[in-house]
There are 2 protein chains.
Amino acid sequence: MGGKSSMHDIMNSVDILFDINNKFILLVRRAKDPFKDFWALPGGRQEPFEDLVTAVIRVMKQRLGLVVKKETSGSTTKIILPEIDKDAILHQIKTYDSGSDPRGGNTTLFALQLNVDKQKFMSLIRKGDAVLDVRLVDKSSLPKMAFDHAEFISQYYSSLKPYSEDEHNYDASKYEKPSVTVDILIFTVRNNGLNVLLIKRKTWPFKDFWANPGGFVEMDESLEETALRELKEETGVENVYLEQLYTFGSPKRDPRTRVISVAYYALVRSDFVKIKAATDAADAKWFPVDSLPNLAFDHEEIMRYALDRIRNKIEYTNIAFQLLPEKFTLSELQNVYEIILGKKIDKRNFRKKVKEIGLLKPLSENKMEGAHRPAQLFSFRENKKRTILNPGKKVYS
Amino acid sequence: MGGKSSMHDIMNSVDILFDINNKFILLVRRAKDPFKDFWALPGGRQEPFEDLVTAVIRVMKQRLGLVVKKETSGSTTKIILPEIDKDAILHQIKTYDSGSDPRGGNTTLFALQLNVDKQKFMSLIRKGDAVLDVRLVDKSSLPKMAFDHAEFISQYYSSLKPYSEDEHNYDASKYEKPSVTVDILIFTVRNNGLNVLLIKRKTWPFKDFWANPGGFVEMDESLEETALRELKEETGVENVYLEQLYTFGSPKRDPRTRVISVAYYALVRSDFVKIKAATDAADAKWFPVDSLPNLAFDHEEIMRYALDRIRNKIEYTNIAFQLLPEKFTLSELQNVYEIILGKKIDKRNFRKKVKEIGLLKPLSENKMEGAHRPAQLFSFRENKKRTILNPGKKVYS
DNA sequence: TCAAAAGTGTTACCCTTACACCCATGG
DNA sequence: CCATGGGTGTAAGGGTAACACTTTTGA
């Protein structure tokens, strides 16, 4: 294992950031070198074979005279202050290595966020071991700090994961809000297959994975407007079939923060599309839906959902028309159905139904292409509302 | 500082989770005790006074023959694999204490997420020091693991990320965020009609209007959990049919602020329900859907949407069963269909279909009620998946 | 003249719908 | 004995699905 050990006595330690009312931090003034007389986060050594959490609790007692109880469930530890009937989750924030402490060993930073009356909280605190003074300090005006504690604190506040707050307070503005994005699945028929437009992510998380295009909802636009804006940014197209698919909101679906994503899907004519890689994408490409790459986030689940919806919906609506140019042949129309449904349809039955519902306007032109009989061209009558595959069914728009 | 040190030679170590294509994990088989022959995450000791990141890179080289470069900016480290032109952020996941390793010391888990060709990646790997074998293993079928590595992996995938870090320091707070609520439309069959539960608002806006129950999405609960929580708060019921309906997000739908509402609907048995007015409601009451009062916000639109969905869905799914008690008569079942569809169904045709699909289990009991012939009771067979009204149709759950 | 796609009807089967009378019970 | 809802079968009609050969063109 690694190089030979050189038998130093390495000390690990723990530091504690008491985040009080999201305003104050509890600091202690050090009685000993290194950094004698400097302010620091309360902390101390982790004894050999001692748990990190045990060390934290011991340090609270020895440095601050603070007696707490703990309650563990799974990998979560709750710290309880019985005298003031408060509790909070003990969060492990980050482990810093020896660069930050001349004594060597690693230092693991923990944080405890409490919403309490300042006086009440401080009444529980007593100057302990190796401590000259204890004080609540406003987080925006910190004194000079020992070790790298200023850096610890600034990292804590710049990347704090949301904590849950008191349930009793119903003021919406005090609640932590999730981010809301609109993801859009853009489908087209191309190269004899159903294709979807994906973009390649160029940052963490899921760097180099392919993903559905999407973006944040602006405060003054509707969800559909967001979807249309994204669609235009990615493809340049504007008048297409667009439908809300589903809203995905698992708390952990995006590792950065809570993101709720409203998924839309669009059906576009591939000959209209000019792919433009938007700013947040390294690359953009059409993929056949039956040979997709690894997708980012939960986009595989979203994709499955969309394909189900399209295949289901094409049977009782006329959405397939969105994928055809203005003038088209009956074979082209049938081809779209076959591609989306993934199965062959009988030619005579298909044509019989198409013609009997009167949704198509026969044109006098023919499409001459290839060494075979020319095909008659048709266009759509907008007003009619019956479906092709199930003419007896109602049409749901 | 704490108790007196007892001069043990404590070893800290690092473990590395290669998260490949969001599907595979790189494991090594250990050549030495402890846990000889077991599979483990690649890892190794952190030398005294060695950086955590340096230890990680050294371990990659010694255990896996993997030569990487690093690039540090701020507290973020990027790992580069020059041979295959890939890079990824090295994430510090969590520090585990000595409980997880009999040798004592803390173990810090790092993760590296890569989207690469499996073969290409493995071509960079060579069995190294103290390693019998190296393999990419599907994350869903892990072998028995050394130490607590199975636990490490499971915590990693449940996204235990103490806080988020990103090259560009992703800062969700720089965008203004909308509020997100879940509204829930609770339907039941009661008094020979389809009814919906509404609550009376007791504050501005729409004071004294009736509205669908709803509430804010908490940061750590999924949308469905929010809906279930609201449902339980309002009605006390827990095991019901619940389905996401649609997400409403017009910028002006709530006069207070931007509120995006994810609507769910539930079908409940009215005999199970005990209406409790939650704290934010002056009153809660069942209303027949064909004589609704004025509704707050855009709740009339949401209601129309829900009724469309239910009436449509009852024809090709078995959701109606949710509205019946465990034992019921065929007339009661037919009644539910007639109430929801708002039209009469032929008794003989209905019974013929119900019986021929075998979804019902005839019971030997009768229901004796009123001055007429007793009715046979039935219960549902859960396993069958054909619909009543369109037995030929597929069933969409 | 051959390959390739366009174009064209009929039939069997199954599902849906319409329809009327007897049965068992309580009052 | 009568009012009330429970319980039962058949036939017509319509939509779906299966099936094969001719037409037109370019090479």
Side-chain angles (χ1 to χ4, degrees), chain A residues 189 191-192 312 314-316 324 327-339 341-379 386-395, chain B residues 189 191-192 314-316 324-325 327-339 341-379 386-395:
Chain A
V189 166
N191 300 339
N192 234 31
N312 187 15
I314 199 177
E315 299 211 38
Y316 64 92
L324 288 168
K327 299 170 181 179
F328 54 89
T329 69
L330 294 181
S331 295
E332 287 166 347
L333 179 62
Q334 183 175 343
N335 194 240
V336 167
Y337 275 87
E338 289 180 344
I339 283 171
L341 294 175
K343 66 178 185 196
K344 287 283 159 204
I345 300 173
D346 181 88
K347 187 163 51 160
R348 276 171 295 187
N349 292 337
F350 185 80
R351 282 165 187 242
K352 197 195 318 171
K353 284 193 230 168
V354 163
K355 292 191 175 161
E356 103 197 340
I357 64 177
L359 194 63
L360 301 188
K361 188 161 56 185
L363 305 176
S364 50
E365 304 164 66
N366 284 341
K367 182 169 191 175
M368 316 264 282
E369 185 195 56
H372 54 81
R373 178 170 172 174
Q376 188 176 13
L377 286 167
F378 292 80
S379 67
R386 295 180 63 214
T387 62
I388 288 185
L389 286 193
N390 291 298
K393 289 270 163 187
K394 273 175 296 185
V395 176
Chain B
V189 165
N191 301 338
N192 233 29
I314 199 177
E315 300 211 37
Y316 64 92
L324 288 167
K327 298 171 182 182
F328 53 90
T329 69
L330 294 181
S331 295
E332 286 165 349
L333 179 61
Q334 182 175 344
N335 194 240
V336 168
Y337 275 88
E338 290 180 344
I339 283 170
L341 294 175
K343 66 179 186 196
K344 286 283 160 205
I345 298 173
D346 181 87
K347 186 165 51 162
R348 275 172 296 185
N349 292 337
F350 184 81
R351 282 164 186 241
K352 195 196 320 172
K353 285 192 231 170
V354 162
K355 291 190 176 165
E356 102 197 344
I357 64 175
L359 194 60
L360 301 189
K361 187 163 52 188
L363 304 176
S364 50
E365 305 164 65
N366 285 341
K367 182 170 192 174
M368 316 264 283
E369 182 196 57
H372 55 80
R373 177 172 173 177
Q376 188 174 14
L377 284 167
F378 292 80
S379 67
R386 295 181 61 212
T387 61
I388 288 186
L389 286 193
N390 292 296
K393 289 270 164 192
K394 273 174 296 184
V395 177

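Side chains included, hydrogens not; waters and symmetry mates left out as well; all remaining heavy atoms used. So you know, we letter chains A, B, ... as the sequences are listed, proteins then strands, and number each from 1. Note that the structure is a prediction, hence the values are computed from the model and not measured.
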Please state whether the phosphate of [N], meaning OP1 or OP2, lies under 4.0 angstrom from any side-chain nitrogen or oxygen of [X].
| X | N | value |
| --- | --- | --- |
| K355(B) | dT8(D) | yes |
| S331(A) | dA6(C) | yes |
| R351(A) | dG7(C) | yes |

[X] [atom1] - [N] [atom2] separation (whole Å):
| X | N | atom1 | atom2 | value |
| --- | --- | --- | --- | --- |
| I345(A) | dT16(D) | CD1 | P | 13 Å |
| Y316(B) | dC15(C) | OH | P | 21 Å |
| Q334(A) | dA6(C) | CD | P | 9 Å |
| K344(A) | dC19(D) | NZ | P | 16 Å |
| N366(A) | dA5(C) | CG | P | 17 Å |
| L333(A) | dA6(C) | CG | C1' | 15 Å |
| E315(A) | dT16(D) | CD | C1' | 13 Å |
| E332(B) | dG5(D) | CD | P | 13 Å |

Under the side-chain hydrogen bond (donor to acceptor under 3.5 Å, both in side chains) rule, collect the residues that match up with K344(A), sequence neighbours excluded. E338(A)
Atom pair [atom1] ([X]) and [atom2] ([Y]), whose distance is rounded to the nearest 0.5 Å:
| X | Y | atom1 | atom2 | value |
| --- | --- | --- | --- | --- |
| F328(A) | N335(A) | CZ | CG | 13.0 Å |
| I339(A) | Q334(A) | CD1 | CD | 11.0 Å |
| F350(A) | L330(A) | CZ | CG | 7.5 Å |

For K367(A), answer base if it contacts any base atom (sugar-phosphate contacts may also be present), sugar-phosphate if it contacts only those atoms, and nothing otherwise; contact means non-hydrogen atoms under 4.0 Å. nothing
Would you say the base of [N] and the side-chain of [X] have a donor-acceptor pair closer than 3.5 Å?
| X | N | answer |
| --- | --- | --- |
| D346(A) | dA18(D) | no |
| K353(A) | dG15(D) | no |
| K352(B) | dT17(C) | yes |
| R348(A) | dA20(D) | yes |

For residues 364-373 of chain B, which residue pairs pass the side chain to side chain donor-acceptor pair (under 3.5 Å) check, not counting sequence neighbours? K327(B)-E365(B), E332(B)-K367(B)
Assuming nearest nucleotide by heavy-atom distance, tell me which of N349(A) and K347(B) is located more 5' along DNA chain C. N349(A)
How close do L363(A) and Q376(A) get, counting heavy atoms only, and between which atoms? O-NE2, 3.1 Å
Ordered by number, residues from residues 368-377 of chain B within less than 4.0 Å of DNA chain C (heavy atoms) are G370(B), A371(B), H372(B), R373(B), P374(B)
Test side-chain contact (heavy atoms from CB on, under 4.5 Å) applied to V354(A) and L359(A), step by step: CA-CA 7 Å; V354(A) 163; L359(A) 194 63; over 6 Å; no
